[in-house]
Structures are given as C-alpha cells and as structure tokens.
Amino acid sequence: MGRTAYCGRVGPERVGETVTVAGWVHRRRDHGGLVFIDLRDRTGLVQVVVSPDAQGAFETADAVRPEWVVSATGVVAARPDGMANPDLLTGTVEVRATALSVWSRSETPPVSPADGANVDERLRLRHRYLDLRRPEVLQNFVLRDRVVFAVRRWMHAHEFLDVETPTLGRSTPEGARDFLVPSRLQPGHVYALPQSPQVWKQLLMVGGVDRYYQIVKVFRDEALRADRQPEFTQIDVETSFLSQNQILELMEDMVRSVFQEALGVQLPAWPRLTHAEALAQYGTDKPDLRAGPPLVDLTAVGQEVEALALPDETRWVGIVAEAAPFSRKQLDTLVDRARDLGAPGLFWIRRTADGVRTNAGRAFADGGAARLADAAGVRPDGLLLVMAGPTGAVHRHAGAMRLEVAAQLGREAPGFHFLWVTDFPLFEWSEDEHRWTSAHHPFTMPHPDDRELIATDPGRARSQAYDVVLNGVELASGSLRIYDSELQAQVFSVLGLTPAETTSKFGYLLDAFRFGPPPHGGIAFGLDRLVMLMAGADSLRDVIAFPKTHTGSDPVMGSPAPADPGQWAELRLTPWATDAPPRP
RNA sequence: GGAGGCGUGGUGUAGCUGGCCUAACACACAUGCCUGUCACGCAUGAGAUCACGGGUUCGAAUCCCGUCGCCUCCGCCA
C-alpha cells in the first residue's frame, strides 16, 4: 500500500516526484494502447496514465472497473501541451503509472458516485457509503466537522465545560412524545430518551458548573419533516449568574465566531424583535428577513374605507411587492392560496400609470383602494396585497402570504439573516387538552414585569425566553430558568399539575432547588439545522450521515425492526398485534 | 390524524385518452476494436413477471379499489 499523496492534492508543484496515490476508480478511458484512469479519493480526482511500457500495470489497467479500489505509483508529470483539463483541480498534471495494484473489486454500483445526484434519494440513503464517495456529498460533512470544531474551540476559550448527561432518563410530562426504552432489570418500567438534557443541565448549575455545554443527540417521537429528524444533535448550553442580555451577546458571539472560522463569513450584529413585534411585522415567530419588507399595518385606513360591514376590531394588514412579475392569473393563484391557508380572502391592488387596479370591486368605498396604496407607500408599478381579519389570524395568514410572494418572486436575498426573537409568551392555551401549556418549557422564567399576570391572566404573561432565527428557520431556543421553588410551584399549578404530580415527576429538581440554586439560563441550538443552512442544503438528511426517512425508518440497517420473542420475554412485554384495535 | 405527488431493466425517464408494447430511449453493464482521452469514440450484445394484491375487460404498464414504500405540506414538534 503506502500512499504518499491525496489524489486531489497532486499539483504542478509535485512534477518530477514519484508518488503513490490510492482510491476508487472514478472513470476509465481505454484507448487500446493507452489507458486513462481517473482516480478518486476524499480530496478529488487525479488522472493516472498507464501505457503499454509499464508491464504488469497495463494488464491491470485493462481489467479494472469503476469503483474498484486501486493504488498507483508513478511520476507526476505535466500534461502535454493542450491536454490540460481546466475543470479538474489537478488538470495540468497526471501520474504516469509504473505500478498499479488492485486492493478490492466492486460490483456495478446501484448508485454511481461518478454520475451525480440525480438518483432516487432512498436508494442513495440505502447505499450511503456510495453516496458519500461523491465529493459534493462529503463536503457537507467536512463543513459539519469544521463547525463542531469551531464551537468546541470557542466554548473552551470561554470556560464552558463539556459535561455529558445520561441518555437513559425519565419521561417527563409536557413537550414532545418520548422514545421509551423498556428496562429488563425492572420489568414494566421504562427509560425515556432525552428530548433535551434540560433538567440535567439545570442540576449542573446547582452543582456549580457555572458554564456548561454539550454537543449531544436528543430524541423526539413526532412527525418528521425536511427539517426534522427523530434523533438530532443540539449544541446545548447553560450558564449561571448571567442576565438574559449577557447570554444573548455571548451566544451571538459564539455563532459569529463559528461562521468566521468555518465559512470565513463575517456576520453583522443580529437585530432583535420581541415576539409581539415579530407577529405584528412578519406574522410569525420565525421571520425570514430575506423575504421582502415587513407587513404594513393598514388598520386605520382599512376601517375607514371598507364597505363590507366587518366587525370593529378587524385588523388590516398589507404586503408590498413589485407588480410586474405577477400576471392576472398568478394574482388569482395567490388569492386561492390565501383561501387554502384559511384566510377569508385577499385583495390585490396594483398601481399603474393611470391609477389603480384591484380585485376588490365594491369592497372599498370610492378611492379606497388608492388610499390603501398610499398608506402602504406603494410606488408606481407596485403591488399591494391586503388581508383583513381578527388580530393574530390575519397576521399569521399575511405572514404566510409574504413568504408565498417571496417564493414566487424567487428573489430571496442571499446570505445569512439572523435575528433574536425575545419575550415569548409564558403559556399557550391548548384547545385539545383544554388547559394552559408551557410555550417553551415548564422551567421558563416569567418576565419580571408580568409576575402578577401568571395568576390573573396567564395568556398575557410574557417569559424570559428567546429564539435565534436564521432565514426563517428556528435555529435555537432558550430561556432564563426559574430557580425559586415557590414560583415554580405557581407555574406548575397554572399548567394543571398537582403538587403530588410535580413531586413525582420533578421532585428531584425541586429538591435540588432547596439547596442554593444559582440564577441560571441557557439555550440549545439545532446543530443539524445550522449546518444545513450553512451548507445551503434543503434537507437535514443532507447533513446527517445516516438519516432516517420520513416515516422514521433507517434505510441502511432497516430499523426499526421486530424484536424476537426472546427479547420480548426478557423484558416481560408482549407486543400488540399490529392489526389489533387501538387501545381503549 | 389529514392533503397532495411519485413508484416502468442496475440508474434516469418515455409510454399511462386500454389493443400498434413481443415495453422505447439515454446512461450504466458485457465482449471486441482503438496511443492523448477526460461524460473518450465505434461496433455488437445481455438485461424488466411495468411496487404489491384484488377488480373491470375478449384484452391492463395504461382504468378502478386496497396495501406498501418514498417525498412535500397541514396538524403535531415544551
């Protein structure tokens, strides 16, 4: 064996040297009397030339096939005049082989590393080892490594301790569905895989760790999406004795330094919006700042000019865009799309040389459409989309339409647009369960100004919780935590947890809080999402080496798989027949 | 839990308003020829129970029903 050079790094500076390169046969071009082999490894391609003078090697070159593993020894030579390949990093040189060894053979691969990505993704995932041989696939993992390394370097420099927490834990109420692991030693009892190391890291703060981080797998048994996997990796962080503002600044600095180090990108300071501002301006708690200007509040004018006899509290919201790219038909499509979202309707107002055009008909009193366009600052050849409805719903719909418009324009600004969203509500009303639930999690510190509201008007109480949003994707979520047992008990009671339940479910945390818990707070970043966005990928699957499919199965090993009867017996469990009726 | 899309040699697709399909094309593969190619070229050849099950029909890749798998979205995801 004895490789002395990576294929992709055999450059003109090595001309004259004898090297041994090793890797996979990418392509073979056999000219009868002369054989060219493109040899590929992690770093790229280099052309190996085998001529009939090289006895032994020539016969071998005749036999090799794509994806065989070979090594070639030879002199690095400049290519003859006019024979350079500008598409190849190593295109000005070639390795003139004197020896060629076959280390292993390959059957014809089901997905060809040489033939690009245009293959069914499931097949690529099933044979991920073949997919990974493609440099553009591996590249994402090179980036991921750089990101992780940059995070660790920053953390270490800022005195954060990497402390591991258990993977086998306890199921907790609230939040996502847990993955459960049955205990053999204690039949009938289960562990839960962590949805986050939340409670552990709070206990570490009580333990005086002061600054903790961990790059750690977490698990949530919920429906999957392009940006959601059942197991994923968090950059989990917790600190003591810092204000919310200090935490935000620290974390922003961390991400900035990671972008600088891993991508060479200098990020500007991140804007901050409160949750209420985000909803009002973008109709979502994860605004995509690339998708055009914010929503415009047109309530004052809208209420004045509307001729529909809408309720007094109706809010009016506008989206401003260029008109030119939208045909009449596309505008109709937008109206349909708004209905699909559940919005009552969508008016478009188009400003032309000779006034305005609109689909609003008699919805507005005379000149109403023009007045709305004025109020929204629509320029000539501009377009205004107007929606009306109750606060909240109309913003949500308009926010979705804003993204729809941006998608149709196809002009999302490039780059990384971060922001902080702060002051999330403490509670959300669950229609399903008919009770208050935590907007973030049950340990979230209420906003200091809203303590009274917890008892009197929980829905209006804000929390000291914050999110990092990047290009419309929720990238991180965190909060200051409650460290006072009484306050914690009050929050539990709003959530409808009885003292007996809290003792049984969270007693260990409440116990710890009896022994001097420091003020603390933290955050968790979705590492996979971060890398996905940095890589410009569309799916988490592109940045996870062996991802699960949409239905949670692993195409490589074929998990989940039935357990055999002996395993069930050991656990004292009996699986329900899959065709059995749902449990009562 | 719901909506939509897709499933045809190893791969990507065409065919899918039923018979002309004994399923076409490209790539890959095999054999042979070729000393400057780089998606090499040329010639010849092999390779598919059209995802699975059922139905309609004289006749189904094509129409209908169901199942499975994959993808996207809504619900869900503290």
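In what follows, chains are A, B, ... by sequence order, proteins preceding strands, each numbered from 1.
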For this session: Verify the neighbour count for atom CD of A:E107: are there more than 12 heavy atoms of other residues, nucleotides or ligands below 6.0 Å?
Result: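 No, because the 6.0 Å sphere around CD of A:E107 holds 12 heavy atoms or fewer from other groups.
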Problem set entry | Over 12 foreign heavy atoms within 6.0 Å of CH2, A:W200 |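 Incorrect, the count does not exceed 12.
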Which whole-number value in Å describes the distance from [X] [atom1] to [N] [atom2]?
{"X": "A:F232", "N": "B:rC77", "atom1": "CZ", "atom2": "C1'", "value": "9 Å"}
{"X": "A:E107", "N": "B:rU11", "atom1": "CD", "atom2": "P", "value": "14 Å"}
{"X": "A:D178", "N": "B:rC77", "atom1": "CG", "atom2": "C1'", "value": "12 Å"}
{"X": "A:E67", "N": "B:rA28", "atom1": "CD", "atom2": "C1'", "value": "12 Å"}
{"X": "A:F179", "N": "B:rC77", "atom1": "CZ", "atom2": "P", "value": "15 Å"}
{"X": "A:L130", "N": "B:rU11", "atom1": "CG", "atom2": "P", "value": "13 Å"}
{"X": "A:E428", "N": "B:rC76", "atom1": "CD", "atom2": "C1'", "value": "12 Å"}

For nucleotides [N] and [M], find the distance between their [atom1] atoms and express it as a whole number of Å.
{"N": "B:rC42", "M": "B:rC21", "atom1": "C1'", "answer": "30 Å"}
{"N": "B:rA39", "M": "B:rC68", "atom1": "P", "answer": "45 Å"}
{"N": "B:rU62", "M": "B:rU57", "atom1": "C1'", "answer": "13 Å"}
{"N": "B:rA60", "M": "B:rC74", "atom1": "P", "answer": "42 Å"}
{"N": "B:rC29", "M": "B:rG18", "atom1": "C1'", "answer": "34 Å"}
{"N": "B:rA51", "M": "B:rA46", "atom1": "P", "answer": "24 Å"}
{"N": "B:rG55", "M": "B:rA14", "atom1": "C1'", "answer": "28 Å"}
{"N": "B:rG66", "M": "B:rG47", "atom1": "C1'", "answer": "32 Å"}

Between the protein and nucleotides 49-53 of chain B, list the N/O to N/O atom pairs that are separated by less than 3.5 angstrom.
none

For this session: Can you tell me the pairing partner of B:rA24 across any strand shown, Watson-Crick or G-U wobble, with both distances under 3.5 angstrom?
Result: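 B:rU13 - that is the nucleotide pairing with B:rA24, both distances being under 3.5 Å.
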For this session: Could you check A:T108 against A:V119 and say which one's nearest nucleotide on RNA chain B is further toward the 5' end?
Result: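 The residue whose closest nucleotide sits nearer the 5' end is A:V119.
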Exercise. Does the ring center of A:W24 lie less than 6.0 Å from the ring center of A:W68?
Worked result: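 Ring centroids of A:W24 and A:W68 are no less than 6.0 Å from each other.
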Under the side-chain contact (heavy atoms from CB on, under 4.5 Å) rule, collect the residues that match up with [X], sequence neighbours excluded.
{"X": "A:K548", "result": "A:Q229, A:P230, A:E231, A:D554, A:S559"}
{"X": "A:R29", "result": "A:R27, A:H31, A:F36, A:D38, A:Q47"}
{"X": "A:R9", "result": "A:Y6, A:T43"}

For this session: Report the residue from A:Q198, A:Q214, A:K201 that forms a side-chain hydrogen bond (donor to acceptor under 3.5 Å, both in side chains) with A:D236.
Result: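 Only one option passes, and that is A:K201.
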Problem set entry | Atom of A:H275, atom of A:V421 and distance for their closest heavy-atom approach |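 Here A:H275 and A:V421 meet closest at CA-CG1, 3.7 Å.
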For this session: Fit a plane to each ring of A:Y129 and A:H127, take the angle between them on a 0 to 90° scale, and name the class: parallel (under 30°), tilted (30 to 60°) or perpendicular (over 60°).
Result: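 If you compare the ring of A:Y129 with that of A:H127, the planes turn out perpendicular.
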Problem set entry | Full working for side chain to side chain donor-acceptor pair (under 3.5 Å) between A:R481 and A:S479 | CA-CA 6 Å; A:R481 326 296 185 190; A:S479 63; 2.7 Å; yes
Seminar exercise, completed: Each nucleotide of nucleotides 69-75 of chain B classed B (base within 4.0 Å of a protein heavy atom), S (only sugar-phosphate) or -, in 5' to 3' order, makes SSSBSBB
For this session: Starting at the 5' end of nucleotides 33-41 of chain B, put B wherever the base has a protein heavy atom under 4.0 Å, S where only the sugar-phosphate does, and a dash everywhere else.
Result: -BBBBBSB-
Exercise. Where the side chain of A:R28 meets the backbone of A:A61, is there a donor-acceptor pair that is under 3.5 Å apart?
Worked result: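 Judged by distance alone, yes, a pair lies under 3.5 Å.
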